[in-house]
Amino acid sequence: MNKKIYLLCACISFCLCACQRTVAEDEVDLRETEISAPQEDGLSEAEADDQVIEPTEKQTKEPFEEPSEKTSDNKLPEEGMEFLNEYDDLCVKENAKRMALIYLDEDTVPELLILGDGEYRLYSFDGSQVKAAAMPDTGIKASAYGPKHDFEDSVYQTFYWFEYVPYKGLIRVHSGDDKERHDYYLKYADGLFEMELEVKSMDHTWHTYDTEKEIENEEFLSQLTDKGYDQLVPCAYLYENVAAAYENVGAVSNTQKVLEDFVNGKIDALDHVEKISDIPEEGFVMKSYEDYYSNENYENDESDLWKEIEYIDFDNDGEDELMIRSYAGLCSFFDVIGDTVYKVLETSGSTTDVASIGIIDNKRVIERTDLSHGGRKSYRIMKYDSCCCLIDWFHLYTEYKEAAYSESDRFEYRNREITMEEFEEIVGSIQQEEKQ
């Protein structure tokens with residue numbers, strides 16, 4: 001049953017019962033039965049009462065009602081809603097600064113997600129107590145901060161949103177040190193996790209595994225779909241208290257408008273993360289559209305002449321992202337998570353790194369090529385998912401001494417040697433996206 005309807009019915013029932021009380025009952029101090037939703041840390045009760053939680057653009061839920069007074073134990077009397085106070089008590093105990101409520105499994109009680117010490121922690125309520133959901137192995141971390149892709153020559157790290165499939169109990173968490181990244185695909189049931197798939201990016205090599213062994217990435221991608229991980233979505237919003245987290249469960253945004261606001265200079269984009277913080281935005285390095293595309297190095301030129309903006313669904317999630325081509329071959333790709341514009345990728349801005357959108361097996365990919373120099377042909381193919389996460393990448397390459405390559409030259413694909421015929425077949429399978 002819808003929780004809002006349930007609460008409304010409970011309130012109506014409460015009022016009817018109150019009308020039928022005897023005179024003796026009316027003398028009872030009614031303040032003992034009044035309740036309060038969790039309030040912002042550091043606010044007075046008057047300030048908390050005046051605070052209004054602004055819904056997202058597409059949200060239609062009624063605000064979480066805040067009564068005027070608060071009891072000492074802050075307990076909700078409505079049956080089935082005890083988890084709110086239990087979660088609130090836990091967050092106070094853990095001094096949590098950011099949190100969210102998500103429906104990870106099929107029951108009617110949402111799970112609590114807390115960000116602390118640079119990692120996500122998940123909790124569930126079983127009707128009597130709050131329990132922590134432990135990782136299947138002590139070496140598996142649910143990091144919120146980590147390295148960018150290992151083949152990017154960048155020391156910057158990124159922010160990982162918690163990624164899950166609503167009601168299906170599937171999540172992906174990230175870990176890794178320095179430039180290496182490790183992704184774990186986990187299944188959640190009865191408060192426990194088990195690992196099903198994983199990815200390691202080490203020494204510019206992409207390794208994929210099932211629970212038993214290393215497998216080819218083509219098989220790995222197939223299993224992502226078969227097991228349901230292709231439906232992962234990010235937990236796009238983190239809140240300051242349980243009341244706000246509950247009110248905004250499943251909040252969504254208008255991604256097209258967010259991208260347009262970035263292009264129009266109204267908001268900035270998350271470029272990278274400077275430091276680890278339990279309040280993520282404190283460590284975010286934000287840049288404006290003008291910061292990315294100011295034309296300082298090209299005097300007497302209009303900067304707009306160097307930009308080509310295209311809205312295109314390069315991650316195959318059904319919503320358009322933003323691709324911008326600029327001077328000197330620079331090409332940048334942006335996505336939206338919640339109301340945050342996020343820089344997914346930026347090329348080096350040279351003729352050795354020319355970016356475009358290609359199509360492989362009816363799915364869009366980002367294609368980075370070096371084809372204009374003699375003696376080599378290089379293709380770097382990258383496939384992203386809706387969480388701004390790289391799920392496949394490979395290098396297709398040949399190097400030769402003559403004017404053109406021949407069968408005697410070396411050809412490589414996914415770090416293994418192939419024939420010239422195989423090389424040309426794979427190149428031919430990469431279709432070019434036609435501009436609209």
What's the spacing between [X] [atom1] and [Y] [atom2] if we round to 0.5 Å?
X	Y	atom1	atom2	value
D278	L238	CG	CG	11.0 Å
K343	L322	NZ	CG	13.0 Å
Y379	I430	OH	CD1	7.0 Å
N217	S222	CG	OG	11.0 Å
I324	L330	CD1	CG	9.5 Å
L197	E219	CG	CD	9.5 Å

Taking [X] for the side chain and [Y] for the main chain, is one N or O donor matched with an acceptor at less than 3.5 Å?
X	Y	value
D313	D317	yes
D88	L84	no
Y87	F125	yes
D105	Y167	no

Verdict with reasoning, R414 to E216, per salt bridge (charged side-chain N to carboxylate O under 4.0 Å, His left out): CA-CA 10 Å; R414 295 189 184 271; E216 295 293 333; over 6 Å; no
Which heavy atom of [X] sits nearest a heavy atom of [Y], and at what distance?
X	Y	result
Y184	G139	OH-O, 4.0 Å
D315	S386	OD2-CA, 3.7 Å
P280	R98	CD-CG, 3.7 Å
L104	E111	N-OE1, 2.9 Å
M99	N241	SD-C, 3.6 Å
Q432	S356	OE1-OG, 3.6 Å

Does the side chain of [Y] come within less than 4.5 Å of [X]'s, by heavy atoms?
X	Y	value
V285	L270	no
V199	F220	yes
P110	Y103	yes
T369	S378	no
L170	L186	no
R325	E310	yes

Side-chain donor-acceptor pair under 3.5 Å between [X] and [Y], yes or no?
X	Y	answer
H272	T158	no
D271	Y156	no
E198	H182	yes
Y384	E321	no

Y289 and F262 aromatic ring geometry - parallel, tilted or perpendicular at 30°/60° bounds: perpendicular
Worked verdict on Y229 versus E196 for side chain to side chain contact (heavy atoms under 4.5 Å, CB included): CA-CA 10 Å; Y229 290 101; E196 294 193 302; 2.7 Å; yes
Side-chain donor/acceptor pairs under 3.5 Å, residues 113-124, sequence neighbours excluded:
unit_1 : atom_1 : unit_2 : atom_2 : d
Y120   : OH     : Y160   : O      : 2.6
Y120   : OH     : F162   : N      : 3.4
R121   : NE     : Y123   : OH     : 3.2
R121   : NH2    : E94    : OE1    : 3.4

Salt bridge check: are [X] and [Y] linked by an N-O gap of less than 4.0 Å?
X	Y	answer
R368	D353	yes
K383	D361	no
K200	E214	no
E240	K97	no
E282	K275	no

Check: Y185 ring centre within less than 6.0 Å of F193 ring centre: no
Check the surroundings of atom [atom1] in [X]: do more than 12 heavy atoms from other residues, nucleotides or ligands lie under 6.0 Å from it?
X	atom1	result
K187	NZ	no
E274	CD	no
E417	CD	yes

Salt bridge (charged side-chain N to carboxylate O under 4.0 Å, His left out) between D126 and K131, worked out: CA-CA 8 Å; D126 65 1; K131 296 182 178 180; 3.3 Å; yes
Residues forming a salt bridge (Lys or Arg N to Asp or Glu O under 4.0 Å) with K213, sequence neighbours excluded: D210
Pairing residues for D183 by the salt bridge (Lys or Arg N to Asp or Glu O under 4.0 Å) criterion, not counting sequence neighbours: R181
Donor-acceptor pairs are to be reported for all side-chain atoms of residues 332-341 against protein atoms at under 3.5 Å, with residues two or more places apart or in another chain.
unit_1 : atom_1 : unit_2 : atom_2 : d
S332   : OG     : Y293   : OH     : 3.0
S332   : OG     : E346   : OE2    : 3.3

Residue of the set N254, D261, T255 for which side-chain hydrogen bond (donor to acceptor under 3.5 Å, both in side chains) holds with K257: D261
Residues in ring pair (Phe, Tyr, Trp, His ring centres under 6.0 Å) contact with F159, at least two apart in sequence or another chain: Y145, W161, F284
Residue pairs, two or more places apart or on separate chains, that pass salt bridge (Lys or Arg N to Asp or Glu O under 4.0 Å) and touch residues 155-173: E163-R172, R172-D385
